[in-house]
Amino acid sequence: QVQLAESGGGAVQSGGSLRLSCALSGDTYSRYSMGWFRQAPGKEREGIATINGLGVIVYRDVVRGRFTISRDNAKNALHLQMNSLKPEDTAMYYCAAARTPEGLLVSLAADEYTYWGQGTQVTVSS
């Protein structure tokens, strides 16, 4: 059974940085496209970054240039380096996994992903 576990959330001031991590267990990691999503109170969950099995990356415009997604297939790990954080980045952050042929999916749509972590809270104060 595939499981995802996030870590690294916390509280920072505006302009600060955080690094989120996600570990996948229960299957071959390289077969999965991975994504980071976030959901703020009263808002819909939105995809902010994705990386497929070949390392193709897509970012949502609001985080491009500030956030960096990466994966380490040897360690079954996914990371999100978040710099220049803003109060509007405050949300619960989730990692998600989608198993597709050769892990080629590149999508920021939540309904494309099958497995989800429990979420980690990021709070940015002004």
Side-chain angles (χ1 to χ4, degrees):
Q1 181 179 357
V2 173
Q3 292 185 321
L4 299 173
E6 301 102 334
S7 60
V12 295
Q13 291 189 331
S14 182
S17 298
L18 283 173
R19 179 178 170 86
L20 305 183
S21 296
C22 173
L24 183 148
S25 60
D27 201 349
T28 303
Y29 180 59
S30 60
R31 296 174 180 170
Y32 288 81
S33 295
M34 303 296 296
W36 284 102
F37 293 76
R38 68 185 184 187
Q39 188 167 19
K43 295 187 177 181
E44 292 187 356
R45 187 172 298 189
E46 64 175 3
I48 57 172
T50 182
I51 182 168
N52 73 1
L54 296 180
V56 177
I57 292 171
V58 172
Y59 294 102
R60 184 171 291 273
D61 286 347
V62 293
V63 305
R64 186 179 295 116
R66 299 188 297 123
F67 292 8
T68 302
I69 189 172
S70 62
R71 66 188 293 162
D72 184 339
N73 287 347
K75 296 181 178 180
N76 286 12
L78 177 74
H79 304 289
L80 185 69
Q81 178 66 43
M82 304 185 295
N83 299 327
S84 302
L85 283 161
K86 305 174 181 180
E88 51 265 43
D89 294 317
T90 295
M92 185 71 79
Y93 283 69
Y94 301 88
C95 69
R99 180 170 176 175
T100 57
E102 301 182 356
L104 295 179
L105 174 73
V106 179
S107 175
L108 294 177
D111 59 6
E112 298 274 15
Y113 292 81
T114 304
Y115 303 101
W116 293 82
Q118 80 285 357
T120 185
Q121 178 67 37
V122 171
T123 302
V124 185
S125 58
S126 58

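What you see is a predicted model; the values in this text were computed from it and never measured.
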**OP:** Indicate yes or no: at least one non-hydrogen side-chain atom of Leu20 is less than 4.5 angstrom from one of Ser7.
**Re:** no

Subject >> Name of the residue among Arg45, Gln3, Glu6 meeting side-chain contact (heavy atoms from CB on, under 4.5 Å) with Trp116 >> reply: Arg45

**OP:** Find out whether Ile48 and Leu108 are in side-chain contact, i.e. whether some heavy atom of one side chain is under 4.5 Å from a heavy atom of the other.
**Re:** no

**OP:** Mind listing the closest non-hydrogen atom pair of Leu78 and Cys95 along with its distance?
**Re:** CD2-CB, 4.0 Å

**OP:** Assess whether side-chain contact (heavy atoms from CB on, under 4.5 Å) is satisfied between Val56 and Ile51, documenting all intermediate values.
**Re:** CA-CA 5 Å; Val56 177; Ile51 182 168; over 6 Å; no

Subject >> Distance, nearest 0.5 Å, that separates CE of Met82 from OG1 of Thr68 >> reply: 11.0 Å

**OP:** Could you tell me whether Arg71 sits above the aromatic face of Tyr29, with NZ or CZ closer than 6.0 angstrom to the six-membered ring centre and within 45 degrees of the axis?
**Re:** yes

**OP:** Would you check if the side chain of Thr28 reaches a backbone N or O of Ser30 as a donor-acceptor pair within less than 3.5 Å?
**Re:** no

Subject >> Any donor-acceptor N/O pair, Thr90 side chain to Thr123 backbone, under 3.5 Å >> reply: no

Original post:
Between the side chains of Thr50 and Tyr113, is a donor N or O closer than 3.5 angstrom to an acceptor N or O?
Top reply: yes

**OP:** Indicate the ring-plane relationship of Phe67 and Tyr93, choosing parallel, tilted or perpendicular according to the 30° and 60° boundaries.
**Re:** tilted

Original post:
Under a 4.0 Å N-O cut-off, is there an ion pair linking Asp61 with Arg64?
Top reply: yes

Subject >> His79 and Ser21: side chain donor to acceptor below 3.5 Å >> reply: yes

